[in-house]
Every structure is written in C-alpha cells, then in structure tokens.
Amino acid sequence: DALALELTPNFNEVPGGFLVDPNSGYGSFAVALGIGSSRNVALFARPSAGVWHHYAFVLDTAAPAAEQIVPYVDGKAVSYTKLDSGTGAGNFANSSLYLMSRAGASLFGAGTLDDVSVYRRALSATTISNHYNAIVVEEEPEPEPEPEPEGGGEEGGGAGGSGPAYTDTVRATAGLLDYWRLDEPAGPTLGDIAGSHPATASGEPAFAAAGGVPGDPDKAVAFNGAGDSAAAPLDLSGKTAITVEFWLKWSSYANDDAL
C-alpha cells in the first residue's frame, strides 16, 4: 500500500484508527476503519491520477455497516462496494494523524496534498457539495448589477465560485476541529488554523508547491513517496462520527498489498 492518511501508527494493530489508501491491492481506492471483527472497508473507483481532486470521507462507527464509510469525490457521493462490513469499532482514537505514510516509516505516498480538515461530526452531502462549489475560479467580469429593491435579496452560492472562498467556507462549518492549510513556504511546521495541533513534516517534502484549490494562490506540499511524510496530534476520543476532507493530486496508482 501507499497511504494518503492514517490515524494511529498502524490501524491494523491500534483500535480507533482509520486509513485512506489510494494504492490498495484490490485495484480500487480504499478507505477503512476498525480492527478485527469491527473492520469496515469501502472501495471505490480511483479518480484520475496526476490531477487535483477534492475528497471527503464521512466515517461513522455507529451507523449501519453499509453506511459507516461514505466517500465523496469533487463534491459528490460516489458509488462504492464493501470489502468488509464489520461493526462495533466504537470511538476514534486520541493519537496522531499521519500524512502520506504509515507512522513516518513506511508505505509512503507520492503526490501533493492540500487543505486537510477534520470535523467532529458527519457532514451532510449538502455541506460537502457546498465546500467544493465554493472554490474560486477566474471568470470574465460580469456587468454591474442593477440596484436591488429595498430589503435586498438572498445571497447566491453554488458552482463557479459564486459562493465564498473555499477556506472561509471550511472555517465557518460547525464542528471543524483541525485545519492544516499546508501553505507554508518552508517547514517543518505545518500550522493548524482551526485548532492547536500543528503538523511536523519529515524527510524532504517540497513546500510551496502549486496548490489544489482553484483560484486560491496559497500553496501545498508535495511528497515524493520515498521518505517524505508529516504527522499531527489528533484527539478524536469520544467521537464515533467524523469527517475527513482534503485536496490530493496522487502521482500514479499501483495495486500494492492488501490492507
């Protein structure tokens, strides 16, 4: 495997973890939680490599087995199959969130990562869609609107950047726990603009890489798949429902070992 994210040093051995594995040995993008009989795994078609995609995963260990992992790509829920349908995983852990590796020691992922956020609740499909559709895109300037009648009107939103900027939308979302923008010009510290849990990079990742959010000049971090990683403390104790959201440009896919 080559990982994008993992909570706990090894979710196969430590309860309360989860795993995001673009290079699973099943020929699909895999997301998993639980350990032993509580293992629950969702597989979905891999999005195109070498380009940016927005991902969100709603993880709920108290939901029915078929709904414990719900994946979203580019603002839309995607179809998935179940490899394992265990239940009873319980609360998530107070541990470390590892970016692009297993515990900074193996299973290094190659790609560029941007705007990683974690929420202490299950976000709705509408909220995730609104996040994606809040991206700022460059458009031809529109004519000045006619003055509104007294009292104004409803605020617009939706695709094409007509809503607020992505970062502002994320920061205004209820339940936001931690938000690593990954836009630092140099490391090793990667700030958490929502909480107080900065990440620390190791290896030699490329800082100030071109970012993933359209219309946003802020940068991202590129990981080489051969020793680059980052980790941040993440306390999800007492939580059975969370959402993990990020932008990722995965370099290339391979069918590596099973989870």
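Using a 3.5 Å distance cut-off with no hydrogens or angles, the side chains of Arg39 and Asn12 do pair a donor with an acceptor. Under the 3.5 Å distance criterion, with hydrogens and angles disregarded, no donor-acceptor pair is assigned to the side chains of Ser95 and Thr8. In the model, Asp115 has a side-chain atom that pairs as donor or acceptor with a side-chain atom of Tyr179 under 3.5 Å.
For Asp235, there are no salt bridge (charged side-chain N to carboxylate O under 4.0 Å, His left out) partners at least two apart in sequence or on another chain. Legend: residues meeting side-chain hydrogen bond (donor to acceptor under 3.5 Å, both in side chains) with Ser28, ordered by chain and number and at least two apart, are absent.
Here the side chains of Pro71 and Tyr55 are not in contact, with every heavy-atom distance at 4.5 Å or above. Looking at heavy atoms from C-beta onward, Ser229 lies out of side-chain contact with Tyr98 at the 4.5 angstrom threshold. Side-chain contact between Trp52 and Thr112 is present, with at least one heavy-atom pair separated by less than 4.5 Å. Counting heavy atoms from C-beta on, the side chains of Asn255 and Asn23 never come closer than 4.5 Å. Annotation: side chain of Val118 is not in contact with side chain of Thr243 (no heavy-atom distance under 4.5 Å).
Rounded to the nearest 0.5 angstrom, Asp114 CG and Leu182 CG are separated by 6.0 Å. Annotation: the span from Phe246 atom CZ to Leu113 atom CG amounts to 7.0 Å, rounded to 0.5 Å. We find the CG-CD1 distance between Asn133 and Ile128 to be 12.0 Å, quoted to the nearest 0.5 Å. Put simply, CG on Asp178 and CG on Leu97 are 8.5 Å apart, with the number rounded to the nearest 0.5 Å. Between Thr189 atom OG1 and Trp180 atom CH2 the span is 13.5 Å, to the nearest 0.5 Å.
In this structure, Tyr72 has its ring center no closer than 6.0 Å to that of His54. In this structure, Tyr132 has its ring center at least 6.0 angstrom away from the ring center of Tyr166.
The two atoms that bring Ser101 and Phe108 nearest to each other are CB-CD2, 3.5 Å, heavy atoms only. The nearest pair of heavy atoms linking Ala222 to Asp228 is O-OD2, 4.1 Å. Contact detail for Pro9 and Ala103: the closest heavy-atom pair is O-CB, 3.7 Å. Residues Pro22 and Leu248 approach most closely at CG-CD2, 4.5 Å, considering heavy atoms.
No chain of hydrophobic side-chain contacts below 4.5 Å, direct or via other Ile, Leu, Val, Met, Phe, Trp or Tyr residues, connects Ile35 to Leu107. Linking ILVMFWY residues whenever their side-chain heavy atoms come closer than 4.5 Å, directly or via other members, places Trp250 and Val244 in the same cluster. Both Ile242 and Phe57 are part of a single hydrophobic cluster, where members link through side-chain heavy atoms under 4.5 Å apart. Follow the hydrophobic side-chain contacts under 4.5 Å out from Val20 and you reach Leu123 in the same cluster.
For the pairing with Tyr119, the side chain to side chain contact (heavy atoms under 4.5 Å, CB included) check across Thr127, Val58, Val170 returns one residue only, Val170. The residue from Thr126, Thr169, Thr173 that alone fulfils the side-chain hydrogen bond (donor to acceptor under 3.5 Å, both in side chains) condition with His131 is Thr173.
Using a distance-only test at 3.5 Å, with no hydrogens or angles considered, no donor-acceptor pair links the side chain of His53 to the main chain of Trp247. At distances below 3.5 Å, at least one donor-acceptor pair connects side-chain atoms of Glu6 with backbone N or O atoms of Phe11. The backbone N or O of Leu177 sits nowhere less than 3.5 Å from a side-chain atom of Arg120 that would complete a donor-acceptor pair. Ser202 places no side-chain N or O within 3.5 Å of a backbone atom of Ala230 that could act as its donor or acceptor partner. The backbone N or O of Asn94 lies less than 3.5 Å from no partner atom in the side chain of Ser237, so there is not a single donor-acceptor pair.
A salt bridge does not link Lys219 to Asp183: none of the charged side-chain nitrogens sits closer than 4.0 Å to a carboxylate oxygen. A salt bridge between Arg121 and Asp60 is absent, with no side-chain N of the basic residue lying under 4.0 Å from a carboxylate O of the acidic one.
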